[in-house]
Each structure stands twice: as C-alpha cells, then as structure tokens.
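The basis for the numbers below is simple: all heavy atoms, side chains too, and nothing from hydrogens, waters or symmetry mates. Residue numbering restarts at 1 for every chain, and letters A, B, ... go by the order of the sequence lines.
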Amino acid sequence: VFFVVPLITLLSLSLQTGSIDTGFRLTWHFGTFWDSISTYHVQFIRSLEYGTIATVIDLLVAYPLAYWIAFHGGRRKTTYLLLVLLPFFVSFVIRTLAWEFILSDQGILFGTLKSLHLLPESFHVLATSTAVVAGIAYNFLPFTVLPLYVSLEKVDRRMVEAAGDLYASKKEAFLRVILPLTIPGIFAAFLLTFVPAVGDYVNASILGGPSTTMIGNIIQSRYLVFFDYPTASALSAILMAGVMIGIFLYARVLGTRSIEEYV
Amino acid sequence: MTDQFDPSRMDPAFWRGLTQRRLSRRQVLKSAGAGAGALGLSAILAACGVKSVVSGNPSASPSPGAVGSPEWWAKQTQAGKLNFANWPFYIDVQGGKHPSIEMFTKDTGIKVNYREVIQDNNSFFATIRPTLAAGQDTGWDIVVLTTNSPVLTKMFNFGWVIPLDQSRMTNFNQYAGPLVKNPSWDPGNKYTMAWQSGITAIGYNAKAIKRPITSVQDLFDPTFKGKVGMMSDNQELGSVGLLAVGVQPAASKPADWQKAADKLKQQKDAGLVRQYYDQSYIDALQNGDTWISMAWSGDISQAVLNGHKDLRLVVPQEGGMLWTDNMMIPQHAQHPVDAMAYMDYVYQPKVQAIIEDYNAYICPVPAAKEVIANDLKDPATANNPLVFPSAEEAARLKPYYAYKSEQELTEWDNLFNAIAQS
C-alpha cells in the first residue's frame, strides 16, 4: 500500500492538467511527458552521466577498501566498518555544506594554497561538475562499501587456498575466484549507489554551478516553486522508468546470469 | 421487555453469511482487483486529483459574523501566546535572544514562538498550502510574504488571510510611513501590515573590485568572469534583466522579457555567472566565491556589522527594485488577537528602532529615525539613505511587474527559470 498508492497518485498527477488555482483534473494529457522530455532531456542525460561516474568511482574506491577490511581487517574489522559509517552519523546536508565551506575559493584549503601561489587565483572547484560528482561519490560511498564488504566476507577462504594449491597466482586467484564470487555484491552495491545518486539534488544545489542542474533539482523546483505538479510527476515517472530500464539491462547483462553461473 | 436473543428472528441473510465459506485473503485481493478493474483505472487515477480552491472574493467586505468581521473579532480572546513565522536574520538579536520580542512579552504577557522558517515565498507557501486548502490551522499566527511574489496574490485570492481588526491598529495608523500605509497591493491595509521593505540592488567586495560600481551593467562586465552572483528567484532575476536592457519592469511587455532573457543567457554562456543563488548568495559574497552579486539591502549592512568590512551596497543608476514583506494572519490561526497585538506593537517607534538598528532594511516607521539617532546613538543607521530614504531616493526605487494572468506568470517563469536552472 505504501508503495502502490503514491505511485498511482504520481502517475495520475502526471496525466492531469490545470493549475494550483483552478485545481488539477485528469485529462489523460500525455503531452506533458513529451514536453518534459524535450525541455529537460539535457538534465536527464546529465543526471545519468553524473550518477554513472559517481557510481564507478565509488566502486573503484570501495572494492579495495572492502577487500582490505574483509581479508586483512583482522580483529579490528568492526572498527574499520564503523569508521566507514561514521560520516553517516552527521546529516547528509550538513556534510555537503561542510565541503562547500572547505572548498570555497578563499576557504581554508584553496585560500591557503592560493596565498602560497601554488594555485592560480582563478582556480576553483565549487560550481563545477567535478564538485558535484565528487560530492555524490563521497555521500554515497558507504552504500557501496557495505554490500561489497558483506559479499567479500562471505567468500569461503578455503576456495582461495584451493586456488593457491592449484598453482594459481594471487592475481589469478583474485580474478578467477574472488571477483566472480562477489559479482552479486557488486551488483547490489551498484544498485544502492546508482539509484539514489541519479535522483540526488542536494549536491548539485550546494556544490554545483549554473550548468550542473540535475533532474532532481528540476523536479524539486517544479513541485515546490512552480506548483507544476503534472510536469514534476511526469519527470519523476520518466526518471523512475529510465532507471528501471537501465537496471534491468544491467541485470540481464551482468547480474542474474553471472549469479547463476558462478554461485 | 428485554431484547432476548432469538435465532428465529434473525435475518436469514445473516445466517447465510455466517455459514458460507469464508473468503480467503487471496480471494479478497483478487476480487478487489477485479472490482478495481471494473471501476476502471481512470476512476482511481481521477480520484487522486488536486482539488481546486474555492476562492473567496478579496474585495468584498466580510459579511457580518464572518471570519475577520468586527463581530468575529469582538468574540476572539487573547491566548497569551503566538506563533510567528519569519525569514532568517530579520529581527534584532542580542546574546541569542530577541530584545524586541522580550519587550513585547513583558508589556503584554504574550509569549512569542519566533521561528525563522521562511527561505523563500514559494517553498514556504508549499508547506502551508495543503493545510489551508483543507481548511485547517497552519500552526502559524503570523506569516511574512513578499510583494514581488505571486504567492501573496494567491493568498488573497483564495481567501486564506484573515482581514485585520482595524480597531487594533492604533500604532500603525499613527506611525506607519507612506511606503507601507494604504499600499497598492493591499488598499486600506485590509489584510497586511508591512514587516520591512527592502531594495534588491548590487552588493560587491571592495577589496576584489577596485573600480566604483554604479550600474546594472557591471553585473555583465567580463572582467568579473565566474565571480558574479545572480539570484535564482524568477521575479528578481527577470527584473534585473529588464533593467539591464533598459526597460522598466513594471511597464514591460512579453517582448521585453525575451530581450532580458537573451541578455541574461549571454551573461551565463560567457561564463560570468558563478551560480544562481537563493538566500545563500550572501555566504558566497562573504566567502569570496563571488565578488559582485545581486543583493538585498539589509543583508549587506548586517554582513558589514558582522565583520565583512569590504562589502558594499549600491543602488544602480538604473534603479533598485523595491519590495515589501508583509505580516498577515492566515485563516484558522489559533491566536489572532495575540497576532494583532504583536503586529501593531512593532509600529511603536521605540520598538521599531530596536528592530531596525539590527536589520537595516527600509524602515516602515519614519519616526524610528529619531529614536535610533538619539536613544540608541547610532547615527550611521539613522542617516543611512537605505534605511530612511528621502522622497527623492525613494523615487529611484522601482516596483515589480504585476502579472495580469496566470499565463503571463507561467510565461515569465519558464523564460527566466530556463536560465537559472539548466
């Protein structure tokens, strides 16, 4: 009920026309969808792009990290995991604002470097797409680490030893035993990171510039600033459909088949 | 005679019901699904519509006994408390407290729950709209909305504001200045009293910018590439764009809007604009992220007081945009008498002086000037033309465009939002 009712409301709203003054009536106006796509396709593509880059960065950072904790963490495993999770105890928005403060043009980092003439005066990171992608990657890193850690932890160490006994080098043991066994974990990590990353709008609004608007920002302003509920709903529906298709394709290519093959 | 249980007198249908095979959960769900199918998906979808608002007639005087009529006001009593929703950094602060509010509580016994919850008109309106549409109390007794925002008109048109008790406005009638008394947006102050007015002008960092800033065109100067802050608010952004192409916003035509939008688009495409900001433009200016920015008059004065000595404010030669924030009592407010008491209380010159000495926006009470100069010993604020503008300076301040229809507003919004959000 909690999933289906909002979903139906959303779809219904996207097909209505009217304004907040006169009320919205269901008119099966599919035109909203085409208008939304033609007006905001740039932001859609940008969101998918940012989401993908941030997810890939997260996977590249998180895999070695989770691997190290799972295989070499020893007795302090839980402590290391806690350290990864620690930023979670501070609100998402506050953490992003802290980065804005640290990275500001004359802030503690760049202000110092600039006064030492290590950086040109015009150098800035805020208000660029780099800042937004980095912000997303930073904020969603724990979502990537945890599923990877769980699947790496579950890997039967005897299999790795067996690979060694069969004259596999360490690299081969990793590539042909550990990596395939953790594919489901990678898939879960990808889902948990990519889906919220694409819909994120906090990073773009705090760390972004004039041309880094993501689709989440558009949806937010359509709902709350312009009270244009149909367009906002249509955009949300398109985003959801797009992400779902993406995930489905990904699952077909990498997910389920690999899981069946290897597990 | 007592009603005794007699099986023979029971409705046979009930017996059938009791003896029949029970429906399994699955069957119930299935039949519910079938029922829904029969009803048609469209019916369900249509049921989720957003209802229209029955709009009151703002110009008609309240009928006897209606909310806001003298009879209604006569029946209301003071509750001893009050919930006040205002914008951030908009009232005097000393040691984490608000002296002017404490004075009010001491004088009247009314406790004020002062909250700085309004970041911009639209998103605040979005939070109170559903409650008001459902005919319920928003939890606020006073809210503050701006003249340049379409939201204010919506509040009036929907009949969501309680007409003021004109008999409880003695201080207002005596001390309110010409800018806020009987204003064009609320003739006769039927619904609102001004909190403060202000100017949208240009703020800049005198350490980074050595030459004098005089014109709106300075926001378009390529030497400030990547260091220009613009506002994301459509009304503000559009108006400054119109000033830049030499058109008076209030007298503009849709063709002018397009020209203004083109000008702003060039500015953005040339990489001049750092970001389109909400309230946070002032942080960017203080941090050095921007050197020159669209700015609200009081913010810069407060920033200078807080130690950012390099910041300056200029009203450009093309003129500054004048807006007024208005206090009003939303429908179904629980403490209207307390709200009236407060709204009128701040029009005493000695109270307004305390608020104004901190705020440095345009003071709604000209008589506060004497108090600030003599009692608070702050001649800088008292003689600040941005706080107490002379008639001549006030003439340089421009009104915003008044939308003639919903279509116009949508056209304006789409045009300028496409620049701020892309």
Subject >> Any D289(B) side-chain heavy atom under 4.5 Å of Q106(A) side chain >> reply: no
**OP:** Inspect the surroundings of CZ in F89(B) and state if more than 12 heavy atoms from other residues, nucleotides or ligands are less than 6.0 Å away.
**Re:** no
What pairs of donor and acceptor atoms, side-chain ones from residues 128-137 of chain A against any protein atom, are under 3.5 angstrom apart with sequence neighbours left out?
{"residue": "T128(A)", "atom": "OG1", "partner": "V125(A)", "partner atom": "O", "Å": "2.5"}
{"residue": "T128(A)", "atom": "OG1", "partner": "A131(A)", "partner atom": "N", "Å": "3.3"}

Original post:
In terms of heavy-atom proximity below 4.5 Å to chain A, should K225(B) be classed as side chain, backbone, both, or neither?
Top reply: neither
Original post:
Take atom CZ in F101(A); do more than 12 heavy atoms of anything else shown fall under 6.0 Å from it?
Top reply: no
Original post:
Between D120(B), N287(B), T290(B), which shows the greatest number of heavy-atom pairs under 4.5 Å with chain A?
Top reply: N287(B)
Subject >> Portion of N234(B) that has a non-hydrogen atom of chain A nearer than 4.5 angstrom >> reply: side chain
Original post:
Do Q43(A) and Q421(B) have side chains that get closer than 4.5 Å, going by heavy atoms?
Top reply: no
Original post:
Going from CG on D228(A) to CG on N417(B), what distance comes out if it is rounded to the nearest 0.5 angstrom?
Top reply: 10.0 Å
Original post:
If you draw a 6.0 Å radius around CH2 in W257(B), do more than 12 non-hydrogen atoms from other residues or ligands fall strictly inside?
Top reply: yes
**OP:** Would you check if L126(A) and R274(B) make a side-chain contact, meaning some heavy-atom pair closer than 4.5 Å?
**Re:** yes
Subject >> Positions in residues 202-227 of chain A that reach chain B, provided some heavy atom is under 4.5 Å away >> reply: A204(A), S205(A), G208(A), G209(A), P210(A), S211(A), T212(A), T213(A), N217(A), I218(A), S221(A), R222(A), L224(A), V225(A), F226(A), F227(A)
Original post:
Can you tell me if NZ on K265(B) sees more than 12 non-hydrogen neighbours from other groups inside 6.0 Å?
Top reply: no
Original post:
Taking atom CZ of F123(A) as the centre, does the number of heavy atoms from other residues, nucleotides or ligands within less than 6.0 Å exceed 12?
Top reply: yes
Subject >> More than 12 heavy atoms from other groups under 6.0 Å of OH on Y201(A) >> reply: no
